[in-house]
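Below: one structure, written as structure tokens.
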Amino acid sequence: MDDRPYFITVEEAQSISNQTPPTLRIEHLPIEACSGRVLAEDLASKVNDPPFDNSAMDGFACRFDAEAVYPCTLTVVGLQAATGENEAIEVGPGEAVRIMTGAPMPPGADAILPIERCTVNDTTVVLLDPPKPHFVRKLGENLTKGTTALTKGQRLTPARVGLCATMGHATVPVFQRLRIAIVSTGDELKSPGEPLSHGEIYESNSYGLAGLVEWSGHTPVRFPAVADTMDELRKALTEAAETCDLILTSGGVSMGEFDYVRRIMEEEGDVHFWRMKIRPGSPPLFGLWNDTPLFGLPGNPVSSHVVFRMLVAPYLRHALGTDGPKEWKVRARLCDPVKSTSDCMTLRRVTLTSTEDGMMAHQPRHQGSGNIESLASASGLTLLQPGQSGEVGAWIDVLVL
Ligand code: AMP
Ligand code: MG
């Protein structure tokens with residue numbers, strides 16, 4: 001460890017871990033299964049959108065006549081439904097066709113008047129206003145065939161899934177979800193529901209981290225909590241490396257006598273960094289166990305969440321080259337003092353309220369890094385840079401949770 005940086009910045013930690021990404025695989029999914037996934041290749045349109053000129057309104061299609069005087073009576077020569085039947089109806093001067101939204105424009109017609117501005121008689125229609133050429137949706141006006149409208153790395157939001165279908169793709173190439181092992185460590189940990197003896201607590205990190213892994217778009221693989229022994233830990237990490245693409249551990253990375261994650265990684269694994277300048281959550285570690293990337297997250301429940309958001313989420317986004325899940329940073333005014341430091345980034349839990357004067361950030365609660373309730377009730381994390389003032393009235397960046 002001697003030649004390795006000591007307490008690096010969050011940015012340095014991100015760039016070191018980015019150099020060792022997990023292995024990615026591509027799968028081709030039916031379009032109905034691709035929502036929320038990340039596109040693995042650029043997608044070009046197989047068709048023009050729209051594929052033909054069509055009506056944007058229910059109304060009458062006719063020829064635009066600059067000389068006409070309104071109201072103006074036209075002869076109705078047919079009905080054009082969205083199915084495309086009767087497509088051959090020709091519209092001449094003085095004629096109109098009843099048309100539905102999305103139906104192909106009849107040959108000869110170039111303008112539409114919505115039905116609300118028409119009076120319909122037996123075989124004629126009275127147009128109260130001039131018909132509008134802009135109610136015709138032109139072939140290819142949204143997309144032309146061959147245009148790349150979605151690019152590799154984009155997360156498939158509902159609108160993007162709709163666009164895949166519009167472009168004619170029945171299957172979509174996406175990155176396989178990564179299998180991410182979650183190994184919590186500590187002799188004191190019991191599963192929720194079990195009775196607690198003195199000195200024991202409920203294991204909570206693996207559940208919270210599993211939620212964060214799902215939020216990131218990947219598959220959590222929770223391991224049973226591991227006791228603080230080198231043998232148990234070695235067994236769990238080796239199984240995790242064999243079955244998963246990335247390993248997250250919680251606990252055992254600080255300076256305690258039983259902090260075996262750090263020890264085993266130093267003695268038998270490969271540590272790329274340990275400890276960064278962040279409050280809370282300073283002891284994280286990154287490296288390789290049997291060629292599988294591993295983040296050693298701190299044991300304190302708030303710290304493990306915060307470090308996931310600052311280190312693991314950006315790592316996963318970088319690996320897939322993706323724009324999701326979207327994280328919002330907003331400017332907010334501090335309404336309570338937040339203790340900042342000269343060398344660490346400070347992430348305190350705040351609640352955000354939107355007011356006429358902008359976003360306001362309150363820090364109403366006890367903020368110990370063991371207090372998961374302070375995170376559960378928060379809507380943001382302060383992104384106070386080293387040396388930045390955390391006084392009341394300061395405008396700061398807040399990460400929206
Ligand atoms: P450690 O880093 O292992 O010393 O753990 C720091 C603190 O976090 C201790 O108070 C642990 O009891 C607690 N802790 C560690 N792992 C977990 C976990 N999985 N769930 C809840 N608390 C934990
Ligand atoms: Mg521990």
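All ligand and atom numbering here is 1-based and tracks the order in the structure. Heavy atoms only: backbone and side chains are in, while hydrogens, waters and symmetry mates are out.
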Mind checking the CZ-CG spacing from Arg348 to Leu375? Nearest 0.5 Å is all I need.
12.0 Å

Is Glu141 salt-bridged to Arg137, cutoff N-O under 4.0 Å?
no

side-chain contact (heavy atoms from CB on, under 4.5 Å) partners for Glu188, two or more places apart
Ile201, Asp228

Just checking, any donor-acceptor pair under 3.5 angstrom between side chains of Glu12 and Thr9?
yes

Check contact between Pro298 and ligand 1, using heavy atoms of the residue and a distance below 4.0 angstrom.
no

For atom 19 (N) of ligand 1, the option (of Glu188, Met255, Glu203) bearing the nearest heavy atom
Glu203

Is Ser250 close enough to touch ligand 1? Criterion: a residue heavy atom under 4.0 Å from a ligand atom.
yes

Using the ring pair (Phe, Tyr, Trp, His ring centres under 6.0 Å) criterion, which residues pair with Phe286? Sequence neighbours excluded.
His272, Phe295, Tyr315

Gly252 to ligand 1: N or O pair under 3.5 Å?
yes

Could you tell me the residue and atom name of the protein heavy atom closest to atom 22 (N) of ligand 1, and the distance to it rounded to 0.1 Å?
Ile201 CD1, 3.5 Å

Run the numbers for me: atoms of ligand 1, each under 4.0 Å from some heavy atom of Ser184, listed by number.
19 (N)

Atom pair CD/CG of Glu268 and Leu233 - distance to nearest 0.5 Å
9.0 Å

A student checking ligand 1 against Ser254 at a 4.0 Å heavy-atom cut-off should list atoms 2 (O)

Protein heavy-atom partner closest to atom 4 (O) of ligand 1 - residue, atom, separation in Å:
Asp259 OD1, 3.8 Å

Please name the pair of heavy atoms, one in Met359 and one in Leu352, separated by the smallest distance, quoted to 0.1 Å.
SD-CB, 4.3 Å

Using a strict cut-off of 4.0 Å, indicate which atoms of ligand 1 neighbour a heavy atom of Tyr202.
21 (C)

Which residue and heavy atom of the protein sit nearest atom 17 (C) of ligand 1, plus the separation:
Asn205 ND2, 3.3 Å

If you have a sec, work out which protein heavy atom is nearest atom 23 (C) of ligand 1 and how many Å separate them, to one decimal?
Gly299 O, 3.3 Å

Of all the non-hydrogen atoms in the protein, which one sits nearest to atom 10 (O) of ligand 1, and at what distance?
Asn300 OD1, 4.2 Å

Could you check whether Arg177 and Thr219, counting side-chain N and O atoms only, form a donor-acceptor pair closer than 3.5 Å?
no

Tell me, please, whether Phe60 has Arg98 positioned over its six-membered ring: NZ or CZ under 6.0 Å from the ring centre and within 45 degrees of its axis?
yes

Closest protein heavy atom to atom 20 (N) of ligand 1, given as residue, atom name and distance to 0.1 Å
Ser204 N, 3.0 Å

